[in-house]
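A short write-up of the structure that comes next.
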Amino acid sequence: MAEAADFQGTSPSPARRWLRRTGAVLAGTPLLAGLLQLPAGSPAAAAPPAASDNGSVAVSVDSLTPGAPTEGDTVTVSGTVTNKGKKAVTDASVGLRVGSLLDTRSSIDRVAKNSGDVDSPVGAEIDDKYTEKFSKLTPGVSQPYTISVPADELDLGQDGVYDLSVTLTGETTDQPWEQTLGVRHTFLPWQPDELDTKTKTAFMWPLVSTVHMTAETGSDEEQTPVFHDDELAAEISPGGRLGRMVALGKDLDVTWVIDPDLLASVEAMTTRYEIPGENTDDQNVVGGHQEVAKRWLTEVQKAVADKEVVSLPFGDPDLASLAHHGTSVTGSLRHLKEATDVAARTVESILHVAPSTDYAWPVEGAVDPSIVKVSTSAGADKVIVRGDTFEGGRDLTYTPTAPRPIGGGTTAVVADSRLSTVFDGDMTRASASTQAVQRFLAQSLTLALQTDRPRSVVVAPQRTPSAAQAQTMAEAIGALQDSTWSQPQDLTAAAKSKPDPAAGTEVPPASAYPKSLRKQELPRSAFEQIARTQDKLDRFKVVLSDQSRVVTPFGRALNRGMAASWRGRPAEAAIYRSGVETYLDTLIGQVRLIEKSETKLSGRSATIPVTVQNNLVQGVEHLVLRLTSTNPTRLEIDGNAYEEQPVTVSGGHSQSVKFTTNANANGRATVVAQLYTQDGRPYGQPVTFDVKVTEITATVMLVIGGGVLLLVLAGFRMYTQRKRAAARQAEEREQDDAADEADAGNDAGEDAPEQPSDPAPDTAPESADPSGTGERVDR
């Protein structure tokens with residue numbers, strides 16, 4: 001999906017190494033059992049304060065089926081008992097006890113908090129035939145148990161949730177009498193008949209991951225994407241976290257809540273993609289999980305085909321961080337708007353369904369007025385909040401329906417906090433998973449029995465459930481959808497349901513925002529860096545012949561820079577943002593001026609060439625090269641202090657731009673070459689060099705003039721001499737002709753007598769002396 005510019009003829013970019021993982025994600029903190037608590041029995045029952053001692057034998061409930069039995073069912077409970085003490089337990093017996101009816105939601109919380117407290121009240125044990133006995137429990141050894149009881153034998157009375165306890169009784173050598181050595185409380189919802197008014201439950205099923213793609217792409221036509229790791233492949237593989245989310249969710253009536261960045265990243269993996277090599281200086285290597293990516297996307301397409309899909313803004317931006325630290329930084333809300341605009345196009349192009357983009361989902365559903373304002377600034381009119389951070393209504397004795405109008409046409413969709421958080425924590429242990437499912441069902445039934453008002457309830461679990469958490473959620477949803485008191489509903493229907501007029505609609509003040517969440521927010525410096533990078537991108541893109549190769553990948557990378565998934569990972573977040581900026585700086589630096597050494601000029605005018613080099617694959621245009629003289633009285637550029645010329649350079653080429661200079665005096669003059677965009681903003685670093693001017697002096701002109709005069713005089717003398725010589729030669733030829741005529745007469749006179757009147761010869765004998773200057777000599 002993403003595209004970027006790249007450059008050729010260089011070694012591996014340093015920017016390719018920015019995103020090495022610097023630490024592991026913090027593990028979830030286990031829930032701790034409380035030390036003190038009120039009695040869990042009925043109001044009429046008196047019980048001692050709960051003790052911290054959970055007994056010398058640990059009892060687990062690893063399975064309870066069915067989770068919500070009806071008449072005629074057989075309830076089967078299985079798990080293990082483990083002797084934690086140093087002495088063996090003899091005459092041990094595991095039995096079931098049905099305690100009091102838990103008719104309030106808070107009473108369920110109390111029992112869950114002290115589920116292993118041996119001093120908490122328990123009911124009478126069911127018939128002795130429904131027990132499992134152990135002659136001896138060795139210290140440190142676990143023993144499995146399974147107990148099956150017909151529902152009719154449980155002696156359940158009115159509809160509601162019962163405290164179901166599994167207890168282990170036995171003796172030890174130092175306490176040789178029967179006593180309760182271990183207990184595990186769980187919940188047994190009992191609603192055998194269909195309720196007249198069922199609760200409508202909307203369950204959000206999130207497909208969200210952390211950031212995996214960088215801003216870098218290859219220089220090939222397809223612009224091969226570069227990932228900073230290959231961890232996404234493990235997530236989408238069968239058995240991986242996201243692989244399990246899709247496999248489990250396809251059979252459930254849920255609303256899919258998807259980050260478009262996840263889809264775009266997986267789609268990028270379906271063809272050629274690269275990841276960094278193992279060592280810092282290694283070349284990128286080609287990723288090899290194309291088939292895994294294709295299969296996962298196909299499964300997602302099938303799973304959401306007939307379901308409601310809600311799209312988060314691209315990259316799942318941290319709305320609370322943006323509201324508290326980003327709004328004071330110019331341009332931050334622009335990124336949220338862009339992330340929202342691209343979201344629907346991304347989801348629809350990949351999944352072929354039209355998603356809803358009307359929802360904003362702040363981290364853990366915690367809001368204050370500024371978060372609501374930011375959440376709705378990009379077009380969302382529904383904000384998913386959580387009940388533990390939103391006032392439910394002071395005088396209500398029941399949980400109100402989810403939608404709450406909070407003004408300005410905005411609806412707060414309040415997710416039930418107990419149902420939403422029950423799956424937090426480590427669900428890899430079967431006992432924890434089973435307890436979460438039973439607690440979820442118990443809270444749901446108790447909520448349904450509060451009133452006969454029709455209500456819509458929303459469940460918003462954690463953003464990135466683990467595979468084990470997803471498995472537990474699926475079991476709970478499946479049991480709920482088969483129940484007699486609830487029916488599934490999609491999120492949009494829940495948001496449009498009639499609000500309860502008695503429900504609270506006041507948005508909590510900023511002071512009520514949880515401090516634990518505020519500590520994890522992105523700092524103001526993060527948004528300042530994003531704004532700085534965007535400014536550089538705006539300057540860079542205007543000179544490119546194909547802006548999409550840069551605007552798309554860097555725009556999406558800036559969206560990822562403010563993702564909610566960076567919470568709790570400030571170092572990694574800073575590395576990612578710096579990597580994006582560094583890589584952009586590297587690209588910008590590929591269009592530059594070549595350094596020049598000192599230039600010498602002889603004469604009043606000369607041409608100075610300045611070379612622009614473009615190492616990008618694509619061409620650059622809309623650039624202007626300005627050459628400026630810092631001393632125009634000594635050296636002018638085309639008659640002025642500076643001259644500008646447009647520059648267009650093809651990808652991978654260089655171009656020399658020539659400037660005409662005029663010297664007015666000798667000496668050195670400093671010249672500055674600088675590229676500018678057409679809007680007058682400097683581009684790149686200037687190049688400064690000196691020009692040494694050697695001017696023509698009067699003495700030199702006299703010398704040259706004298707030399708020219710001598711040449712003229714010498715030429716004139718040669719001319720006159722040659723002219724005189726030519727005249728003599730003509731005279732000699734005339735004399736020779738006359739002599740020839742005389743000789744002819746003499747020849748004729750040999751037969752005639754000599755006449756006294758004949759003249760004597762006027763030519764002297766040929767002289768053997770050297771000829772005079774300029775005379776022609778015949779050889």
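Side-chain atoms of Arg97 and Thr167 include a donor-acceptor pair closer than 3.5 Å. Inspection of the Asp73 and Thr70 side chains reveals an N or O donor paired with an N or O acceptor under 3.5 Å. Using modelled atom types and a 3.5 Å distance limit, the side chains of Ser115 and Arg184 yield a donor-acceptor pair. No donor-acceptor contact under 3.5 angstrom links the side chains of Ser356 and Glu308, judged on distance only. Remark: the Tyr513 side chain and the Thr389 side chain contain no N/O donor-acceptor pair separated by less than 3.5 Å. Counting only N and O atoms by type, the side chains of Ser444 and Trp485 include a donor and acceptor under 3.5 Å apart. Side chains of Gln469 and Asp426: no donor on one and acceptor on the other come within 3.5 Å. Using modelled atom types, one finds a donor on one side chain and an acceptor on the other under 3.5 Å when comparing Thr186 with Gln435. For the residue pair Ser565 / Thr210, no side-chain donor-acceptor distance below 3.5 Å is found, with atom types taken as modelled. No donor-acceptor contact under 3.5 angstrom links the side chains of Ser78 and Thr146, judged on distance only. Between the side chains of Thr80 and Ser60, at least one donor-acceptor pair of N or O atoms lies under 3.5 Å. Judged by distance alone, the side chains of Glu132 and Ser93 never bring a donor and an acceptor atom under 3.5 Å apart. A donor atom on one side chain and an acceptor atom on the other are found under 3.5 Å apart for Gln450 and Arg455.
For Asp117 (side chain) and Asn114 (main-chain N/O), no donor-acceptor pair under 3.5 Å exists by modelled atom type. Side chain of Thr434 to backbone of Ala430: a donor-acceptor contact under 3.5 angstrom is found. Using modelled atom types, no side-chain atom of Lys200 and backbone atom of Asp490 make a donor-acceptor pair closer than 3.5 Å. With Arg429 contributing its side chain and Asp62 its backbone, the two residues share no donor-acceptor pair below 3.5 Å.
When all heavy atoms of Val383 and Ser375 are compared, the closest pair comes out as CG2-CB, 4.0 Å. Heavy atoms only, all atoms of each residue included: Leu64 and Phe187 are closest at CD1-O, 4.2 Å. Shortest non-hydrogen contact noted between Val507 and Phe390 is CA-CE1, 4.1 Å. Across Lys133 and Asp128, no two heavy atoms sit closer than the pair NZ-OD1, 3.7 Å. In terms of heavy-atom proximity, Val75 sits nearest to Pro66 at CA-CD, 4.4 Å.
The shortest side-chain heavy-atom distance between Thr82 and Val141 does not fall under the 4.5 Å cut-off.
In this structure, the ring of Tyr145 has its center no less than 6.0 angstrom from the ring center of Phe134.
Looking at Asp416 and Arg418, no side-chain N of the basic residue comes within less than 4.0 Å of a carboxylate O on the acidic one, giving no salt bridge.
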